[in-house]
Amino acid sequence: MSSDLDVFVGNTTLIDEEVYRLWLDGHSVAEAVARRLRGGVLEREGTSVAVLQSDTRDHYRTFQMLERLLHAPPRLLQQLLFQIPPERQALLVQRYYAFDEALARELLGKKLSKGTKKELDEVSARTGVGIRSCRRQFDNFKRVFKAVEELRGPLAENIQQLFLLPPALARDYAAIVFFANSRFETGKRRLQFLSFGDFAACAQSMMAHWSQGALGTPKTPKKPQNPQSMMAHWSQGALGTPKTPKKPQNPQSMMAHWSQGALGTPKTPKKPQNPQSMMAHWSQGALGTPKTPKKPQNPQSMMAHWSQGALAPEAAEPDGDLPKSFLQDLKELKVLVSDKDLLDQHKSLVCSALRGKISVYNELEANFKALSRALVNVGGKLTHARDVRDFFVDLVEKVIEPCRSDKWSPGDLRLFLTHYTAAPRNLPGFRHQALWERYMAAISACLLRMYHD
Amino acid sequence: MPGKLKVKIVAGRHLPVMDRASDLTDAFVEVKFGNTTFKTDVYPKSLNPQWNSEWFKFEVDDEELQDEPLQITVLDHDTYSANDAIGKVYIDIDPLLYSEAATVISGWFPIYDTIHGIRGEINVVVKVDLFNDLNRFRQSSCGVKFFCTTSIPKCYRAVVIHGFVEELVVNEDPEYQWIDRIRTPRASNEARQRLISLMSGELQRKIGLKVLEMRGNAVVGYLQCFDLEGESGLVVRAIGTACTLDKLSNTSAFLPACNSPSKEMKEIPFNEDPNPNTYSSGPSTPLKNQTYSFSPSKSYSRQSSSSDTDLSLTPKTGMGSGSAGKEGGPFKTLLRQQTQSALEQREFPFFTLTTFPPGFLLHVGGVVSARSVKLLDRIHNPAFVGIMGNTRSYKLLDWNSFNSDEPETRDAWWAEIRQEIKSHAKALGCHAVVGYSESTSICEEVCILSASGTAAVLNPRFLQDGTMEGCLEQRIEEASPPGCGFCHIPYDELNMPFPAHLTYCYNCRKQKVPDVLFTTIDLPVEAIVVGKGCLIQARLCRLKKKAQAEANATSISNLLPFMEYEVHTQLMNKLKLRGMNALFGLRIQITVGENMLMGLASATGVYLAALPTPGGIQIAGKTPNDGTYEQHISHMQKKINDTIAKNKELYEINPPELPEEIIGSPIPEPRQRSRLLRSQSESSDEVTELDLSHGKKDAFVLEIDDTDAMEDVHSLLTDVPPPSGFYSCNTEIMPGINNWTPEIQMFTAVRVSRLSNINPTNQTLNKNFNDLCENLLKSLYFKLRSMVPCCLCHVNFTVALPEDELVQIAVTAVAITYDKNQALQANKAPTEKSQQRASTDNEEQLQFPLELSSDPLSSQPFSPAKEALEGASSHTGIPAAQRATSVDYSSFADRCNSWIELIKLKAQTIRRGSIKTTTSLEKASPLAEGYLRHRSVPSGTNSTVSVVKMTPLSFLPGAKITKYLGIINMFFIRETTSLREEGGVSGFLHAFIAEVFAMVRAHVAALGGNAVVSYIMKQCVFMENPNKNQAQCLINVSGDAVIFVRESELEVLPAPPPAAAAQPAGSAGDVTT
């Protein structure tokens, strides 16, 4: 007597966290049942394997139906098909978008293309993450990347709004998008000691200090809009979009893409809609969530973030791209190393400030010029895409490795960088003080984070 | 123009991409009502169109308003080819037609397509301006309220309960029309959905008219069903109970009523004929000349069958006819005029209610049922016999040959069965049938019609105009004690309709009670129950030869009595095994398939304090000389005894014992002594016209003389009790649990299994079927393990045999959590001294299970539910389950006649003491009135999807229903031609059921509601053709949309006795009625 058909549907959709985890990890139903058996459910609940199988299948079906919605989390909030309490929705989204850092580390800076996806088998073998899970995570990265690459405003906040992720997770995704966009080289052998966390922290400081948004200049006046008019706005926007041959790029069409799981949307250079309206819309929709003040990661707190995000000043370019003008300006800093006088004065200022304070004073004195040259030139090269890729390689090769071989302590490096950054203030004839400090803020943060074994 | 319907299409969202080139959609909307259609503008290139249309206005008759659904179609505009339909929304505007319900329907509705499922959502606003129509000849019945709930709805008071209303409409099934050959499956499905929607509307309107004629204003316990008869058409039928309801709007109006005792009621003494005219049936029925005054069952049965013959030979005697367009005949009109409110003059004194206001139910006689086998195709072209399959290729029918004389045929069929039920009730000395329901099972051209109910004696005061003031708040403070009155026999002890074993009531010691009571109703609130209840199921398969038409019908007819008997025996055994003595909510389903019949009976067993303690089950061997055999027998006996002991502990059945001399057994039991089996066994006598092999034997002495009996014993023991922390029942409330917490989870589970045996026997089939049900239950317990401690309430199994070897079981139930720690506190609620004494008595009794069971549940041995349940009622109850089966089909004059199975049980075992309770609900009423101070719904109008709760119960734990918004009655068809791609049969059905839930929720939310109560999935017809990668499913659901407010959110109330607070169904609601 075999069951051909066996379903269980609750008015409130049942979500079993354990089974969700197994599903996310890419296990088949049979594997999941085996694992649950090992987990001892049978003994605890005194049930049969058949019951467990049927239960697992039910959950898997539910997750498969939910997956479509998870690709566009705001839809999960609006859909009518599954009645899921808000905290459960948040959990679903969060777990779906959570990733293995080892995998993310492997993919950092790689183009999120089909080619890369084909290499996932090897990545899976290296990282021990199941291949199905690898693919899902890769698709997540790609989906997030596609969704935000053309948007203006702070990356992390855009991601948070579009995917309803908790802030920390959104920041990690922002880092992944940032790396994928700038294609930083991270795979070199000498970079292997750096973890995903190191890179993510670097990306965050770079975005924080260098991006357009960091300057705090609101480029467009904010308009309070209600969601209705906004939806109208989008659609009208869609009408008037200067189209590249095929695809009008507005959020709606994006949603359409998501819902189909079609991810191959080509970019269009310009978009008519403003992201703010989108934020406003989604935040608005989200603010209606019944308030449950207990959990930090419920939609509500997420919403709080979005609404703040919605108010944040807008930037002209996506944060994923570093502002061109800024990079161009960095060339001006070369004067610090090209002008012999400035270089000498800089050195003497730093050295006098650090004398007796750091243990590696002699090495500092000997290497100052080389270090300074390296630090300034890294910035100077950033205008060329090819050189951008080598940003981290350069930092490690030209700064971190020399320091490490001279046995600088992290404290030494910190002191040095503080004074090195501050010194030009007292340099006569150096006019790029603000630029310099903005540049060095991110560089210092990156170096300090990366300076470990 | 008595009505103006206004519709506004606001917006759509998440539409599917209809234009592959642009990945967008150019959507517009058609709004259709009756024959008028409006269109919105095309909203180009958007998946979230903002139509913001003008108000589309339809000026229509109210008749049309009642019949027609509003049909909203979303389409994709296409310049060059035909516009593509995205999907549809049907909105039943009936809730807008009576003033107290919803005023506007507004919200997001899923756009539904029968092939693709839900495809986006549309925001619609609907309003109705209704002009009063004073025309007394009108055909509409706007304003009559409908409730699926089978009790008086919580915020209403029953002024008069008028009685039974029924109607049916017949149409041809669009799926079987010639045009179906040339139209798309989508068009065919939509035609069907629309037709059923239309027929439902028409049916509701006609029933409404009948209610108005009876001077009622509402239908309670409205049950509408579809019979998909294939080629012979589509029958939509409905039954309900007409009532005059009063809205309980303020407490001042309520208070005086509840305090005024009705004297008339008290004056009805026990054993006086409570209803002098009862025993003559309606003057114009064919049975009018027969007298039924307490005739013994045998002669009664004969009469019954002869009357049936009359009926079937002359099917147009006028009874129950008058559907489908015709307004009855003058004959019927005459009948109606005579049908005044007095029960005895009614055509059918039936009530679909299962819960009643206190005092309404005087005595309960037992279950009455009737079945009849009919051939569907007799009036049609015989060439097409037996092709009612799902395959479209057969539809070469000429529909002109089928015509509309069918309603009369169907009406006559049902009238026949109802007549029989009525006669059975009379034989039990009862003038009414409560908890009445009807069902059908169709396979090919054979149809089994079934009806069942509980024979009862009612308080006539509730049934008449004029005397209603205060009568529902009747309190009986002397005379017959409450809590046991309904158990007392309604018939004359010296002139019993069947041999039965009677004892004096263990509660009041004044009246006679039977030793076992079977009913189809819910446990009356006032009943005194010991321990907890549990779900009891009897499951049975019987093979049958494949046959055609009449031969088939004959073989089914021959099998039915045996099945009934076996189901009954199983129920009785299982009841004994649990140490209980009464069944409530009994529902016996007989399903017919091509090569077998299946019987599934579900009920909730309880221990009624008023009835005697059941004895054990004795096993006897036929071959006493064999030593090993003896050993085996004694081993079995030990197992059974152990199980009974375990069950008693599990369900906390520990009735107080009383010295034996107090009770005198009025009826000597000679047979008891003559048997070798000693001690506490019981016996049961079946008196039936059929000479069943088991006849005249003690039912509870299981003689193991063949493998069959072994099977029986084994199957008794294989029923696994639910895991700890779980209870289950199929009634509204679980006896013994009253401290519900608000968390509920309604669910539907469907399983289709293949019976893989090549040469199946009855035994293997039984085992398979049994396993299937048990596994399904097990899997439910596992699924819901996170809710422990909880109770599965209103567990409703539906069995279908879609194909040769397939068995489909659908279960809908609700899991409700309860707080096991609150019970003790609740116990302290002082209601009545005697009750307290009762509870302390019981606590003393129950101390021993504490150490036996580590389960903390047993720490509150005497649940306060009982206190809440003890209420007013009056005297005299009835024993014995009487069931009767009438099997016939119109072609055969000699049918396998009706039989009544009467069961007498006796037990003389541990005597229990009575709990002296002279209780009134006075204490409870003022507090219940406190609940009536409703507050408006908390403003939940957020842009996120609002939560809508669904439950098959008539209440929500921990919440107060403040408003009924109208009936939800929806019918959906889903079909796929890409079954594999949608995840196979399971994926397909899973998605469809989820979609149905979503659509129900959306409709409720649009009405402004936040819950559906009395939700029921009446039909789930699933058909697949894996070879063609196709499947089709039809689902019909209904329920009442309501607004509820959490009790914690209500304004400050006088501290409610926890029992009442925790049991809104039991106390609050009924007290207020």
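In what follows, every chain begins at residue 1, and chains take the letters A, B, ... in the order their sequences are listed.
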Measure the CD-OG distance between A:Glu17 and B:Ser786 for me, rounded to the nearest 0.5 Å.
10.5 Å
If you look at every heavy atom in A:Ser54 and B:Arg751, which pair is closest and at what distance?
OG-NH2, 3.4 Å
Side-chain heavy atoms of A:Leu80 within contact of B:Arg1001, under 4.5 Å
no
Contact leader toward chain A among B:Glu995, B:Lys949, B:Met950, where contacts are heavy-atom pairs under 4.5 Å:
B:Met950
Taking every heavy-atom pair that is under 4.5 Å apart, which of B:Lys778, B:Gln808, B:Glu121 has the most such pairs with chain A?
B:Glu121
Please state whether the side chain, the backbone, both or neither of B:Val948 comes within less than 4.5 Å of a heavy atom of chain A.
both
Presence of salt bridge, B:Arg785 and A:Asp16, under 4.0 angstrom:
yes
Residue pair B:Leu989 / A:Val7: nearest heavy atoms and the distance that separates them
CD2-CG2, 4.1 Å
For residues A:Gln83 and B:Ser946, report the shortest heavy-atom separation together with the two atoms involved.
OE1-O, 4.2 Å
In terms of heavy-atom contacts, A:Leu5 and B:Ser986 come closest through CA-OG, 3.6 Å
Under 4.5 Å from a heavy atom of chain A, the part of B:Phe1022 involved
side chain
Among A:Thr62, A:Asp55, A:Thr13, single out the residue with the greatest number of heavy-atom pairs under 4.5 Å to chain B.
A:Asp55
Begin with the C-alpha distance, continue with both residues' side-chain angles, and end with the deciding distance and a verdict on side chain to side chain contact (heavy atoms under 4.5 Å, CB included) for B:Leu780 and A:Phe8.
CA-CA 8 Å; B:Leu780 297 181; A:Phe8 175 100; 3.6 Å; yes
Identify which part of B:Pro110 has an atom lying under 4.5 Å from any heavy atom of chain A, answering side chain, backbone, both or neither.
both
So which of A:Leu52, A:Leu14, A:Asp58 has the biggest tally of heavy-atom pairs under 4.5 Å with chain B?
A:Asp58
Looking only at heavy atoms and a cut-off of under 4.5 Å, which of B:Met999, B:Met746, B:His990 has the most pairs with chain A?
B:His990
Okay, B:Ala815 and chain A: the region with an atom under 4.5 Å from a heavy atom over there is neither
For B:Leu784, is it the side chain, the backbone, both or neither that has a heavy atom under 4.5 Å from a heavy atom of chain A?
side chain
Quick one: are A:Asn11 and B:Gln745 in side-chain contact, heavy atoms under 4.5 Å?
yes
In this structure, CD of B:Glu982 is separated from CZ of A:Arg61 (nearest 0.5 Å) by 13.0 Å
Heavy atoms only, distances under 4.5 angstrom: which of A:Arg57, A:Gln79, A:Gln64 has the most pairs with chain B? Name it, please.
A:Gln79
Of the backbone (N, CA, C, O) and the side chain (C-beta and beyond), which part of B:Leu776 lies under 4.5 Å from a heavy atom of chain A, both, or neither?
neither
